[in-house]
Trainee: 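To start, I am sharing the structure in question, which I have written as structure tokens.
Fair warning: this is a prediction, and the values are worked out from it, not measured in the lab. So that the names make sense, note that chain A is the first sequence line, chain B the second, and so on, each numbered from 1.
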Protein chains: 2
Amino acid sequence: MEPTRTHKKVSDPPAGEEPGWTPVTAALAVGEALRVLEGRWKLLILFQLFGGNVRRFSELERAIPEVTQKMLAQQLRQLEADGIVRRVVHPEIPPKVEYSLTVWGQSLCPVLDALLKWSARREETPEA
Amino acid sequence: MEPTRTHKKVSDPPAGEEPGWTPVTAALAVGEALRVLEGRWKLLILFQLFGGNVRRFSELERAIPEVTQKMLAQQLRQLEADGIVRRVVHPEIPPKVEYSLTVWGQSLCPVLDALLKWSARREETPEA
DNA sequence: CTGCATCCTCGAAGATACTG
DNA sequence: CAGTATCTTCGAGGATGCAG
């Protein structure tokens, strides 16, 4: 991130020109939020946990066949670090680890729901 | 896309076991929809067009300072190909190209709106 | 102004093997 | 079962220059 970008200057206005809610500030805030959801598997994972579901590592693996263990573990840990997902380890043999949404993660439900509805409409539309 | 995935088999059930709406089918549909939104700049672009805004290429450039011309053009063309964004060329000197959401693109508004609200909550939360 | 063409870098993601 | 470690590839994305 933060490339040299020799091609553009961000100009950085003196901050006092607007009351506090411009499309620009919105875009910035959204950009930050988007960073959390970035990653090819994050949303897919969240959809598995959507609705209070609790899933084991291997269940997620089965649910998302194209993901590798490495990527699944990595994205899960990022989601955990961002406070979206909770990871619970059961110290037993064989090991058992369960993933679920945190309370904060639940706040994503409207987003997931909107996405779900959109993809549904997308299917029923003749020529998307 | 479509890696060799030697590590997993998708199993492909005979399709008749469920009425037609399982978490699995939902996940698949969402996966398809997600492909359209995939790309580091797509959502940022859509937020600029959100609410019926019409934006010129250079305006989008200014609004998203970190994106390069190349990526902006590329992602715009992908969005156009997916029917989300409309591109209107005004044959004049100097050239002028305007981008806006298609009707189908407008159907993404609930998603964008939910994201916007989420990022707002995210800001006002002490420890995210 | 709005792009496309080219070259090149660099890190995301895959394969594979190993462990508590 | 649920990961980590290591090596490698591959293409997304950046820099730059040119064109309609």
Side-chain angles (χ1 to χ4, degrees), chain A residues 1-10 31 34-45 48-49 54-82 85-100, chain B residues 1-10 31 34-45 48-49 54-82 85-100:
Chain A
M1 208 74 23
E2 201 61 21
T4 41
R5 56 180 153 71
T6 54
H7 65 296
K8 190 61 56 59
K9 185 67 171 51
V10 68
L34 251 34
R35 190 195 52 75
V36 173
L37 283 331
E38 226 165 74
R40 200 173 160 201
W41 313 107
K42 297 241 183 95
L43 284 173
L44 257 1
I45 292 170
Q48 293 299 318
L49 269 22
V54 178
R55 290 281 154 99
R56 300 185 53 171
F57 188 86
S58 53
E59 289 177 319
L60 292 173
E61 262 192 292
R62 266 188 295 281
I64 315 175
E66 315 97 314
V67 77
T68 58
Q69 285 189 334
K70 178 190 174 181
M71 291 317 297
L72 182 55
Q74 179 187 109
Q75 308 256 306
L76 278 170
R77 259 175 278 106
Q78 288 178 15
L79 287 170
E80 193 191 357
D82 283 320
V85 157
R86 173 176 18 251
R87 177 174 182 262
V88 178
V89 181
H90 300 267
E92 46 186 72
I93 303 293
K96 176 170 161 184
V97 182
E98 291 182 324
Y99 294 91
S100 56
Chain B
M1 209 75 17
E2 200 63 22
T4 41
R5 57 178 153 71
T6 54
H7 63 296
K8 191 63 54 62
K9 185 65 174 51
V10 67
L34 252 34
R35 191 195 50 76
V36 174
L37 283 331
E38 226 165 75
R40 202 174 159 197
W41 313 108
K42 298 242 184 92
L43 285 173
L44 257 0
I45 293 170
Q48 293 298 319
L49 271 21
V54 178
R55 291 281 155 100
R56 300 186 54 174
F57 188 87
S58 53
E59 289 177 319
L60 291 174
E61 261 194 293
R62 266 187 296 280
I64 315 174
E66 315 97 313
V67 76
T68 58
Q69 287 187 334
K70 178 191 175 181
M71 291 317 295
L72 182 55
Q74 179 188 108
Q75 309 257 308
L76 278 169
R77 259 173 277 109
Q78 287 178 16
L79 287 170
E80 193 191 356
D82 284 320
V85 157
R86 175 178 13 251
R87 178 175 182 261
V88 178
V89 181
H90 300 267
E92 45 184 74
I93 304 291
K96 177 171 161 186
V97 182
E98 291 182 326
Y99 295 90
S100 56

Trainee: Return no unless some side-chain N or O of A/Thr68 is found under 4.0 Å from OP1 or OP2 of C/dA13.
Mentor: no
Trainee: Using whole Å, what does the distance between atom P of nucleotide D/dC1 and atom CG of A/Leu60 come to?
Mentor: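 Going from CG in A/Leu60 over to P in D/dC1 covers 14 Å.
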Trainee: Atom CD1 of A/Ile45 to atom P of D/dA2: distance rounded to whole Å?
Mentor: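 Those two atoms, CD1 and P, are 14 Å apart.
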Trainee: With sequence neighbours excluded, what pairs up with A/Arg87 under the side chain to side chain contact (heavy atoms under 4.5 Å, CB included) test?
Mentor: A/Glu80, A/Val89, A/Val97, A/Tyr99
Trainee: Using the side-chain hydrogen bond (donor to acceptor under 3.5 Å, both in side chains) criterion, which residues pair with B/Gln74? Sequence neighbours excluded.
Mentor: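 Per chain and number, B/Gln74 pairs via side-chain hydrogen bond (donor to acceptor under 3.5 Å, both in side chains) with no residue.
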Trainee: Among all residues two or more places apart in sequence or in another chain, which pass the side chain to side chain contact (heavy atoms under 4.5 Å, CB included) test with A/Lys96?
Mentor: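 Once residues adjacent in sequence are excluded, the partners of A/Lys96 under the side chain to side chain contact (heavy atoms under 4.5 Å, CB included) criterion are A/Arg56, A/His90, A/Glu92, A/Glu98.
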Trainee: Check the distance between C/dG20's C1' and A/Glu92's CD and give it to me in whole angstrom.
Mentor: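 These atoms are roughly 15 Å apart.
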Trainee: Could you tell me the separation between the CG atom of A/Leu72 and the P atom of C/dA12, rounded to a whole number of Å?
Mentor: 17 Å
Trainee: Round to a whole Å and report the spacing from CD of B/Glu38 to P of C/dA12.
Mentor: 15 Å
Trainee: Is there a side-chain contact between B/Arg35 and B/Asp82 (heavy atoms, below 4.5 Å)?
Mentor: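 They are in side-chain contact.
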Trainee: Apply salt bridge (Lys or Arg N to Asp or Glu O under 4.0 Å) to A/Arg77 and list each qualifying residue two or more places apart in sequence or on a separate chain.
Mentor: none
Trainee: At a cut-off of 3.5 Å, list every protein nitrogen or oxygen paired with a nitrogen or oxygen from nucleotides 8-11 of chain C, distance to 0.1 Å.
Mentor:
none

Trainee: Once you round to the nearest 0.5 Å, how far does CD of A/Glu61 lie from CD of A/Glu66?
Mentor: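 Between atom CD of A/Glu61 and atom CD of A/Glu66 there are 12.5 Å.
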Trainee: Can you give me the closest heavy-atom contact between B/Gln75 and B/Ile45, atom names plus distance?
Mentor: CB-CD1, 3.9 Å
Trainee: If you measure from CG on A/Leu76 to CD on A/Gln78, what distance do you get to the nearest 0.5 Å?
Mentor: 9.5 Å
Trainee: Does D/dG14 have OP1 or OP2 under 4.0 Å away from a side-chain N or O of B/Arg40?
Mentor: yes
Trainee: Can you check whether A/Leu60 reaches A/Leu49 side chain to side chain, under 4.5 Å on heavy atoms?
Mentor: yes
Trainee: Could you pull out the protein-nucleic contacts involving nucleotides 2-4 of chain C (nitrogen or oxygen on both sides, under 3.5 Å)?
Mentor:
residue: C/dT2; atom: OP1; partner: B/Arg56; partner atom: NE; Å: 3.0
residue: C/dT2; atom: OP1; partner: B/Arg56; partner atom: NH2; Å: 3.0
residue: C/dT2; atom: OP2; partner: B/Ser58; partner atom: N; Å: 2.9
residue: C/dT2; atom: OP2; partner: B/Ser58; partner atom: OG; Å: 2.8
residue: C/dG3; atom: OP1; partner: B/Arg87; partner atom: NE; Å: 3.2
residue: C/dG3; atom: OP1; partner: B/Arg87; partner atom: NH2; Å: 2.3
residue: C/dG3; atom: OP2; partner: B/Tyr99; partner atom: OH; Å: 2.5
residue: C/dG3; atom: N7; partner: B/Gln69; partner atom: OE1; Å: 3.4
residue: C/dC4; atom: OP1; partner: B/Arg77; partner atom: NE; Å: 3.3
residue: C/dC4; atom: OP2; partner: B/Arg77; partner atom: NE; Å: 3.1
residue: C/dC4; atom: OP2; partner: B/Arg77; partner atom: NH2; Å: 2.0

Trainee: Please report the distance, rounded to the nearest Å, between CD in A/Glu80 and C1' in D/dG3.
Mentor: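 Value for this atom pair: 13 Å.
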Trainee: What is the separation between atom NE2 on A/His90 and atom P on D/dA2, rounded to the nearest whole Å?
Mentor: 10 Å
Trainee: Round to a whole Å and report the spacing from CD1 of A/Ile64 to C1' of C/dG14.
Mentor: 17 Å
